[in-house]
Amino acid sequence: MIAPIFLGQDDTTIDGNGRRSLKPMYMTCGNLRVQKRNQKWANTCVGYIPKPNKNHRPSNMSKEQWKRDKRQMFHDAMAEMLAPVRQFSKTGVWMQLRGRDGALRTVLVVPTVVIGSYDQPEAAAVVGKLDAYRMMHMMCTM
């Protein structure tokens, strides 16, 4: 059985002044019906993308190197979060799932990332260019 996975990311401000923020990555199983996908139990936070503080940039580091380091940190965090999905997409995992009749069956489940949903700032970080939605032949790359 193919288990499609939907990923989504959006910045979250955790204090009223905008000084602290998090970048959570959420996952939803695509096999759920549309009415169930929007419920709280259907979305799982798989991790947070680190956001480096610009005030902690070393004084001898150029802006270009700082940008490269931030991009590398983003890609490393994504690779770490998606490592189990990549591993099990090759081999699959045996799971006991209920069928339509309610009986448990052991099936081989193969998770596959099928869509990444991003707002404009996050899409620019994923694809590495500003205004990423314009003239782009694909929505995201992993």
Side-chain angles (χ1 to χ4, degrees), residues 1-58 61-142:
M1 179 176 102
I2 301 293
I5 295 174
F6 301 160
L7 295 175
Q9 178 190 351
D10 198 8
D11 279 350
T12 305
T13 302
I14 58 173
D15 72 349
N17 299 323
R19 291 182 300 224
R20 294 194 176 121
S21 64
L22 298 172
K23 289 187 178 185
M25 177 65 69
Y26 293 100
M27 177 182 78
T28 303
C29 184
N31 288 351
L32 295 174
R33 296 184 181 203
V34 176
Q35 298 86 358
K36 305 271 184 186
R37 277 189 219 144
N38 294 329
Q39 296 182 7
K40 288 184 180 181
W41 60 265
N43 291 314
T44 302
C45 182
V46 292
Y48 294 94
I49 307 281
K51 189 171 182 182
N53 188 337
K54 63 183 177 183
N55 296 325
H56 294 141
R57 182 182 80 167
M61 183 182 284
S62 67
K63 285 185 178 181
E64 290 77 24
Q65 181 62 39
W66 179 249
K67 287 180 182 179
R68 280 193 297 273
D69 286 355
K70 288 194 316 185
R71 269 195 305 271
Q72 187 62 46
M73 185 183 298
F74 175 83
H75 289 294
D76 290 346
M78 288 291 289
E80 192 68 30
M81 279 189 280
L82 297 177
V85 174
R86 287 188 177 133
Q87 176 189 354
F88 290 122
S89 67
K90 294 175 186 172
T91 61
V93 60
W94 290 99
M95 296 178 75
Q96 284 195 345
L97 300 174
R98 293 197 185 276
R100 291 181 186 227
D101 58 356
L104 283 174
R105 292 185 178 85
T106 303
V107 294
L108 182 65
V109 177
V110 180
T112 306
V113 176
V114 294
I115 190 169
S117 174
Y118 298 94
D119 289 342
Q120 178 54 40
E122 290 82 18
V126 171
V127 297
K129 66 179 186 175
L130 196 60
D131 294 331
Y133 286 135
R134 291 186 186 176
M135 309 274 292
M136 187 168 58
H137 62 282
M138 60 184 159
M139 294 303 288
C140 69
T141 60
M142 298 282 172

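Only a predicted model underlies this, so the values are computations on that prediction, with no experimental measurement involved.
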Flag if over 12 foreign heavy atoms under 6.0 Å of CD, Gln39: yes

Return the CE to CE distance between Met81 and Met27, rounded to the nearest 0.5 Å. 11.5 Å

Test side-chain hydrogen bond (donor to acceptor under 3.5 Å, both in side chains), reference Asp69, set Gln72, Arg71, Gln65, output is Gln65

Nearest heavy atoms of Ala77 and Ile49, plus distance in Å: CB-CD1, 4.3 Å

With rounding to the nearest 0.5 angstrom, report the CE to NZ distance, Met61 to Lys67. 14.0 Å

CZ of Arg86 to NZ of Lys90, rounded to nearest 0.5 Å, is 8.5 Å

Under the side-chain contact (heavy atoms from CB on, under 4.5 Å) rule, what do Leu97 and Val109 come out as? Steps first, then yes or no, please. CA-CA 10 Å; Leu97 300 174; Val109 177; 3.9 Å; yes

Residue pair Leu32 / Ala42: nearest heavy atoms and the distance that separates them: CD1-CB, 3.7 Å

Of all heavy-atom pairs between Pro111 and Phe88, which one has the smallest distance, and what is that distance? CD-O, 3.5 Å

Going through the distances and angles, do Leu7 and Leu82 end up as a side-chain contact (heavy atoms from CB on, under 4.5 Å)? CA-CA 10 Å; Leu7 295 175; Leu82 297 177; 3.8 Å; yes

Correct closest heavy-atom pair for Ala3 and Asn31 would be CA-ND2, 3.9 Å

Validation row: Val114, Ile2 side chains within 4.5 angstrom (heavy atoms): no

Between Cys45 and Pro24, which heavy-atom pair has the shortest distance, and what is it? SG-CB, 4.1 Å

So, taking the atom named OH in Tyr26 and the one named CG in Asn43, what distance separates them when rounded to the nearest 0.5 Å? 8.0 Å

